[in-house]
Asks: 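If you scroll down you'll find the structure; I have some questions about it.
Remember, predicted model here, so these are calculated numbers, not experimental data. Counting convention: from 1, in listed order, for ligands and their atoms alike.
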Amino acid sequence: MNGEPDLLIGGKWRHASDGGTRDIVNPADGSVAAVVDEATPDDARDAVASARKAFDDGKWSATPVADRAALLDRVADLLARDKESLAELETRDTGKTLAESRIDIDDVTSVFRYYSRLAAVESDRIVDVGDPAVISRVVREPIGVCVLIAPWNYPLLQISWKIAPALAAGCTMVVKPSEVTPLTTIAFTRLLQEAGVPDSVVNLVQGSGATLGPALTDTPDVDFISFTGGVATGKAISKVAAEHVTKVAVELGGKNPHIVFADIADSGDWDAAVDHVLTGVFLHSGQVCSAGTRLIVEESIADDFVADLAARAEKIRMGDGMDPASETGPLVSEQQRAKIEAFVQQGLSEGAKLVTGGARPSDAALAKGSFYLPTIFDRCDRSMRIVAEETFGPILTVERFTDEAEAIELGNDTEYGLAAGVRTSDQARGERVVRALRHGTVWLNDFGYYTAAAEWGGFGKSGNGRELGPTGLAEYQEIKHIWHNTAPQPAGWFKG
Ligand code: NAD
């Protein structure tokens, strides 16, 4: 970054082998936030070879689990120490507000603490096979060399959901952050070294996924690929990996319904419901895989609810994320803003009713950044592309329902299945609806929260596998059954 080498291969920091670099843009003002080395496919192959060698020498996987857990704790301590500088770097890179970045760094710290504790308590299983001479054990072993690929919206958070369990399990790895937002991952990798991660256990490459992808995924030297990003990329990686029968876990997009029942009007929950729908869709300018971008609201309250939402959306203070007065920042790039503008045009041509937004802000102070106004479309239906496709920006679509069955049907009418919200004051209804929804996380009378101790992942095209929780560690482990006969006898099957 800015002259320092950004690739970590075999325990040594180096520049790209062809001297290539990439400008990293601060989306709040279009300035160059940093210049980062851009790896070549050969660099990526070196990184995989380094991780392979480090796994095969067996030192890291043979390190006692208590020592690995202690290392994860040291990482958490260093994250806490560097919280402010990491948060500032994340804000300059992604555009999100400093308050959001601080929450991200706290969450990353919690993930390391959680897997430190979990690694220390997860134990082997003894199986009773009915023969006292036989000791049957099911043991967990590290899966091997992992390639960890992250998206741009939560750069350090997403990669930590992979690095922490991979280290806890005893794997070695090649880390590839998004080429759009690599800065905190570079700083964090230096911090991993400081915490004492042995050379070659963590290798880091930077650059375009299309260029580096084959070197990282089309190889028999990798045992597990954990990918978070878009559906098209997830599919492409899965196809390539299938050639080598490499295990792949993909965490993909979402088009997440937020269902609001009319009973909230009489329960005193109205303002909180409006607030949660607003935050659920417009936080980080909607660039959240679990953003509640589809409001599905009961017809009898829809007009009033949408009016209140629009009034609040118009008051959202946009600005540079470094300014404490900003409530939301820009989109991550000009390219992303162009995508959102195309979706808005699509919505208009499909006949959706624009309630608010649908334009860049007029404030001259924001002219240099990739800002876009919080946008609400009412009178939407599921035939529209803006309802079916992940827009990944500040666009809320509104659909209306008349009874519970229709609400559930609409909520499940998506090829994704990452997250959903349900708002009702009727507990029994709440329970019925959350159980009927086919989504990986469902919030009842809340929205957006998660914890390191509970699994995260999607149904349908939102992906396979799970991160976080005990399953998030198991993804990085192979299961081995050891059958030990302490008093062997002939099998006695063949008589000759
Ligand atoms: P993307 O698919 O364009 O890129 C993701 C990563 O894959 C980047 O690091 C990119 O360089 C790399 N990549 C691209 N092509 C590759 C290839 N052929 N081989 C290997 N790597 C390749 O996604 P994005 O635009 O960075 O992120 C946005 C997407 O991520 C959205 O769809 C969002 O919903 C999803 N996301 C999902 C979750 C989740 O938990 N399910 C979390 C965050 C983001």
Asks: With a 4.0 Å cut-off, would you call Glu475 and Lys247 a salt bridge?
Replies: yes
Asks: To the nearest 0.5 Å, what is the distance between OG1 (Thr109) and CG (Asp104)?
Replies: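 Taking OG1 in Thr109 and CG in Asp104, the distance rounds to 10.5 Å.
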Asks: Considering distance alone, does some N or O of Leu252 sit under 3.5 Å from an N or O of ligand 1?
Replies: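 Looking only at distances, the answer is yes, because the N/O contact criterion of under 3.5 Å is met.
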Asks: Indicate yes or no: does an N/O atom of Thr233 lie under 3.5 Å from an N/O atom of ligand 1?
Replies: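 Between Thr233 and ligand 1, an N or O pair is found under 3.5 Å apart.
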Asks: Atoms of ligand 1 less than 4.0 Å from Gln158 heavy atoms?
Replies: 42 (C), 43 (C)
Asks: N/O of Glu390 under 3.5 Å from N/O of ligand 1, yes or no?
Replies: yes
Asks: Consider every N or O of Trp161 and every N or O of ligand 1, then say whether any pair is closer than 3.5 Å.
Replies: no
Asks: Under 4.0 Å from a heavy atom of Glu251: which atoms of ligand 1 are those, numbered in the order shown and with their elements?
Replies: 37 (C), 39 (C), 40 (O), 41 (N)
Asks: Nearest protein heavy-atom contact for atom 25 (O) of ligand 1: which residue, which atom, what distance?
Replies: Trp152 NE1, 2.9 Å
Asks: Please determine whether a side-chain nitrogen of the Lys or Arg among Asp73 and Arg113 lies less than 4.0 Å from a carboxylate oxygen of the Asp or Glu.
Replies: yes
Asks: Under 3.5 Å, is there a donor-acceptor pair between the side chain of Asp37 and the main chain of Gln206?
Replies: no
Asks: If we only count N/O pairs under 3.5 Å, is Val231 in contact with ligand 1?
Replies: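 The answer is no, given that Val231 and ligand 1 share no N or O pair closer than 3.5 Å.
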Asks: Looking at side-chain heavy atoms only, is the closest gap between Asp107 and Val111 below 4.5 Å?
Replies: no
Asks: Show me which atoms of ligand 1 lie under 4.0 Å from any heavy atom of Pro177.
Replies: 9 (O)
Asks: Can you check whether Tyr450 and Trp161 have ring centres sitting under 6.0 Å from each other?
Replies: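 Yes, the ring centres sit under 6.0 Å apart.
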Asks: Ligand 1 and Gly207, any nitrogen or oxygen pair closer than 3.5 angstrom?
Replies: no
Asks: Compute the centroid of each ring, for Phe112 and then for Phe188, and state whether the two points are separated by less than 6.0 Å.
Replies: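 Between Phe112 and Phe188, the centre distance is under 6.0 Å.
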Asks: Show which atoms of ligand 1 fall inside a sub-4.0 Å distance from at least one heavy-atom site of Gly213.
Replies: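 Near Gly213, meaning under 4.0 Å from one of its heavy atoms, ligand 1 has 19 (N), 20 (C).
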Asks: Does Arg438 have more than 12 heavy atoms from other residues, nucleotides or ligands lying within 6.0 Å of its CZ?
Replies: no
Asks: Considering non-hydrogen atoms of the protein only, which is the closest contact for atom 7 (O) of ligand 1, and what is the distance?
Replies: Phe227 CE1, 3.1 Å
Asks: State whether Lys53 and Asp221 are salt-bridged, where the test is any N-O pair (Lys NZ or Arg NE/NH1/NH2 against Asp/Glu carboxylate O) under 4.0 Å.
Replies: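 Looking at Lys53 and Asp221, the cut-off is not met.
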Asks: Relative to ligand 1, is Ile237 under 4.0 angstrom through side chain, backbone, both or neither, heavy atoms considered?
Replies: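 For Ile237, only side-chain atoms sit under 4.0 Å from ligand 1.
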Asks: To which protein heavy atom is atom 17 (C) of ligand 1 closest, and what is the distance rounded to 0.1 Å?
Replies: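 Atom 17 (C) of ligand 1 sits closest to the protein heavy atom Gly209 O, 3.4 Å.
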Asks: Under 4.0 Å from a heavy atom of Lys176: which atoms of ligand 1 are those, numbered in the order shown and with their elements?
Replies: 9 (O), 10 (C), 11 (O), 12 (C)
Asks: Under a 4.0 Å threshold between the charged nitrogen and the carboxylate oxygen, would Asp413 count as salt-bridged to Arg382?
Replies: yes
Asks: Could you pull out, from Trp456, Tyr450, Phe392, the option with a heavy atom nearest to atom 28 (C) of ligand 1?
Replies: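 That would be Phe392.
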Asks: Among all protein heavy atoms, pick out the one at the shortest distance from atom 23 (O) of ligand 1; state its residue, atom name and that distance to 0.1 Å.
Replies: Gly230 N, 3.3 Å
Asks: To the nearest 0.1 Å, how far is atom 27 (O) of ligand 1 from its closest protein heavy atom, and which atom is that?
Replies: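 Answer, as residue, atom name and distance: Pro151 CB, 3.3 Å.
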Asks: With heavy atoms only and a cut-off of under 4.0 Å, state how Ala150 meets ligand 1: side chain, backbone, both or neither.
Replies: backbone
Asks: Step by step, work out the side-chain hydrogen bond (donor to acceptor under 3.5 Å, both in side chains) result for Asn203 and Ser50.
Replies: CA-CA 8 Å; Asn203 300 271; Ser50 156; 2.7 Å; yes
Asks: Any Lys/Arg nitrogen of Glu90 or Arg102 sitting under 4.0 Å from an Asp/Glu carboxylate oxygen of the other?
Replies: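 So Glu90 does not pair with Arg102 through a salt bridge.
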Asks: Evaluate the ring planes of Trp152 and Phe392, with Trp represented by its six-membered ring, and classify them as parallel (under 30°), tilted (30 to 60°) or perpendicular (over 60°).
Replies: perpendicular
Asks: Is the contact between Thr228 and ligand 1 made by the side chain, the backbone, both, or neither, using heavy atoms and a 4.0 Å cut-off?
Replies: both
Asks: Is any side-chain heavy atom of Tyr416 closer than 4.5 Å to a side-chain heavy atom of Leu252?
Replies: no
Asks: Could you list which atoms of ligand 1 come closer than 4.0 Å to a heavy atom of Asn153?
Replies: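 What qualifies from ligand 1 is 43 (C), 44 (C).
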Asks: So which protein heavy atom does atom 10 (C) of ligand 1 come closest to, and at what separation?
Replies: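 For this ligand atom, the closest protein heavy atom is Glu179 OE1, 3.6 Å.
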Asks: Note the single closest protein heavy atom to atom 12 (C) of ligand 1, along with its residue, its atom name and the distance in Å.
Replies: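 Sorting protein heavy atoms by distance from atom 12 (C) of ligand 1 puts Ile149 CG2, 3.7 Å first.
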Asks: Which option, Gly229, Gly463, Cys289, owns the non-hydrogen atom nearest atom 42 (C) of ligand 1?
Replies: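 Going through Gly229, Gly463, Cys289 one by one, Cys289 has the nearest heavy atom to atom 42 (C) of ligand 1.
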